[in-house]
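Notes follow the structure.
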Amino acid sequence: MYRLQLVGRRVKPSPSPHLSLSFTLLSRNLSSSAASSKLRDYYSFEPPPSLSPETRTSHDNPPPTKKQKPRYQPPSSLNQARKPMHSDLPFDFRYSYTESSQAVRPIGLREPKYSPFGPRRLDRKWTGVCAPAVDPKVKSVDEAADQNLEEERQKRRERIQGEPLTNAERKILVQSCQRNKTKRQVNLGRDGFTHNMLNDIHNNWRSAEAVRIKCLGVPTVDMKNICSQLEDKTFGKIIHRHGGQLVLYRGRNYNPKKRPAVPLMLWKPHEPVYPKLIKTTIEGLSIEETKEMRKRGLAVPAVTRLAKNGYYGSLVPMVRDAFIVSDLVRIDCQGLEKSDYKKIGCKLRDLVPCVLVTFEKEQIVVWRGNDYKPPEDGHVYSSREFFDDPEGDMMTFTEDDELRSD
């Protein structure tokens with residue numbers, strides 16, 4: 001009987017989960033509406049508008065947006081309308097004062113005339129080679145402009161130098177520039193005496209009366225040109241020289257607070273195009289004689305082998321002495337840059353003087369010419385220069401007082 005009741009008993013179907021969820025939400029809404037109606041009836045309470053679903057979804061009053069900051073822009077000189085810099089230095093601004101000459105005119109430029117001082121940073125016009133102190137248009141009319149600049153440089157230098165140094169004062173300054181006394185040094189390398197070195201020298205003169213300059217590389221072939229350019233452009237005076245070591249004195253009346261304004265070059269300009277140093281045939285010889293001379297010159301024993309970035313101050317007298325014995329001289333330049341030994345050959349051509357034969361196989365071959373006569377003007381400096389006055393209050397230097405060379 002019991003079993004029949006279990007079998008015959010009908011199982012009630014379970015409610016669907018979606019129906020139960022909707023019933024629960026409906027009961028909650030009814031309870032909340034009933035509660036709100038009770039509160040409104042008994043306590044006169046109205047719920048805040050933020051609790052009602054209509055105001056929660058409305059977009060009539062959007063929240064205030066935060067004001068965005070302006071985008072950061074790095075400072076740029078192009079956006080600033082500043083006045084171009086003016087410098088009263090009475091000479092033309094060049095990249096290198098020792099490796100360029102006003103006497104040799106280029107035949108072309110390798111780039112447009114972009115000023116290496118930057119756009120609108122200098123009140124001088126860049127001609128592709130230099131920034132002249134006098135406008136070229138005015139200079140073409142006034143032929144005495146160069147002479148006036150030379151007189152102005154001479155007067156300014158005499159005013160800054162004042163009375164000459166005594167031997168005792170010079171000795172003290174030279175000793176203060178020795179390597180064991182100070183590490184201050186200005187290096188002069190393959191580019192020679194560059195324009196930005198003017199600023200370095202004046203910066204060293206703010207804290208010292210003299211500065212040590214170390215010269216190496218191609219410019220040391222002509223040390224006289226280096227010394228003259230340093231004195232001419234800085235208005236100082238060289239008080240000691242030993243090989244490639246120089247000591248440059250600023251002068252008695254030099255005032256660091258009134259130093260001249262030196263605009264800096266921002267990049268190195270491309271060198272202009274100059275005529276070829278070696279032509280197809282040597283002047284006065286035929287093509288066959290030129291080929292025979294070049295072949296014979298490469299077979300001549302080398303006078304010396306140049307080290308890279310070394311001191312070449314004794315090269316000119318060495319070539320002059322070799323011309324006494326032989327008409328052809330060969331200099332071994334293996335390991336040097338091609339532009340370096342071409343510049344060395346150009347300097348030898350003007351200083352010895354001689355005729356360039358070839359640069360093949362990293363060699364410099366020069367010919368003394370048919371009517372060779374060595375100059376007797378004492379152009380080449382000796383390895384050591386004494387600046388003492390024999391009638392002064394001290395005797396000349398001894399070997400212990402000289403600057404220590406490398």
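We count residues from 1, following the sequence as given. Heavy-atom basis, side chains included; hydrogens, waters and symmetry copies ignored. None of these values were measured; they are calculated from a predicted model.
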Report summary line: Smallest heavy-atom separation, Thr220 atom then Gly310 atom, equals OG1-O, 3.8 Å
Requested in this report: Go through the steps for Lys347 and Glu99 under the test salt bridge (Lys or Arg N to Asp or Glu O under 4.0 Å), then give the verdict.
Outcome: CA-CA 10 Å; Lys347 291 177 182 292; Glu99 303 308 298; 3.6 Å; yes
**Report entry** Passing option when Glu231 is tested against Arg153, Lys237, Lys224, Arg157 for salt bridge (Lys or Arg N to Asp or Glu O under 4.0 Å)
**Finding:**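 Considering Arg153, Lys237, Lys224, Arg157, a salt bridge (Lys or Arg N to Asp or Glu O under 4.0 Å) with Glu231 is found only for Arg157.
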Requested in this report: Test Tyr254 against every option in His202, Glu209, Gln161 by the side-chain hydrogen bond (donor to acceptor under 3.5 Å, both in side chains) rule and name the one that passes.
Outcome: His202
[X] atom [atom1], neighbour heavy-atom count above 12 within 6.0 Å:
{"X": "Glu111", "atom1": "CD", "answer": "yes"}
{"X": "Gln229", "atom1": "CD", "answer": "yes"}
{"X": "Tyr114", "atom1": "OH", "answer": "no"}
{"X": "Ile287", "atom1": "CD1", "answer": "no"}

Query - Pairs involving residues 169-200, ordered by first then second residue, that meet ring-ring contact (aromatic ring centres under 6.0 Å, His included) (sequence neighbours left out) - result: Phe93-His195, Tyr97-Phe193, Phe117-His195
What distance do [X] atom [atom1] and [Y] atom [atom2] have between them, rounded to the nearest 0.5 Å?
{"X": "Leu248", "Y": "Leu173", "atom1": "CG", "atom2": "CG", "answer": "11.5 Å"}
{"X": "Ser228", "Y": "Met223", "atom1": "OG", "atom2": "CE", "answer": "10.5 Å"}
{"X": "Leu264", "Y": "Arg121", "atom1": "CG", "atom2": "CZ", "answer": "8.0 Å"}

Requested in this report: Sequence neighbours left out, what passes salt bridge (charged side-chain N to carboxylate O under 4.0 Å, His left out) with Lys233? Give chain and number order.
Outcome: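 Partners of Lys233 under the salt bridge (charged side-chain N to carboxylate O under 4.0 Å, His left out) test: none.
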Query - Sequence-distant partners of Phe323, ring pair (Phe, Tyr, Trp, His ring centres under 6.0 Å), two or more places apart - result: Tyr372
Query raised in the report: Taking atom types as modelled, is there a side-chain donor on Asn203 or Arg184 under 3.5 Å from an acceptor on the other?
Result: no
Query - Of Val221, Ile344, Asp340, Asp332, the residue whose pairing with Leu306 passes side chain to side chain contact (heavy atoms under 4.5 Å, CB included) - result: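 It is Ile344, the one option of Val221, Ile344, Asp340, Asp332 that forms the side chain to side chain contact (heavy atoms under 4.5 Å, CB included) with Leu306.
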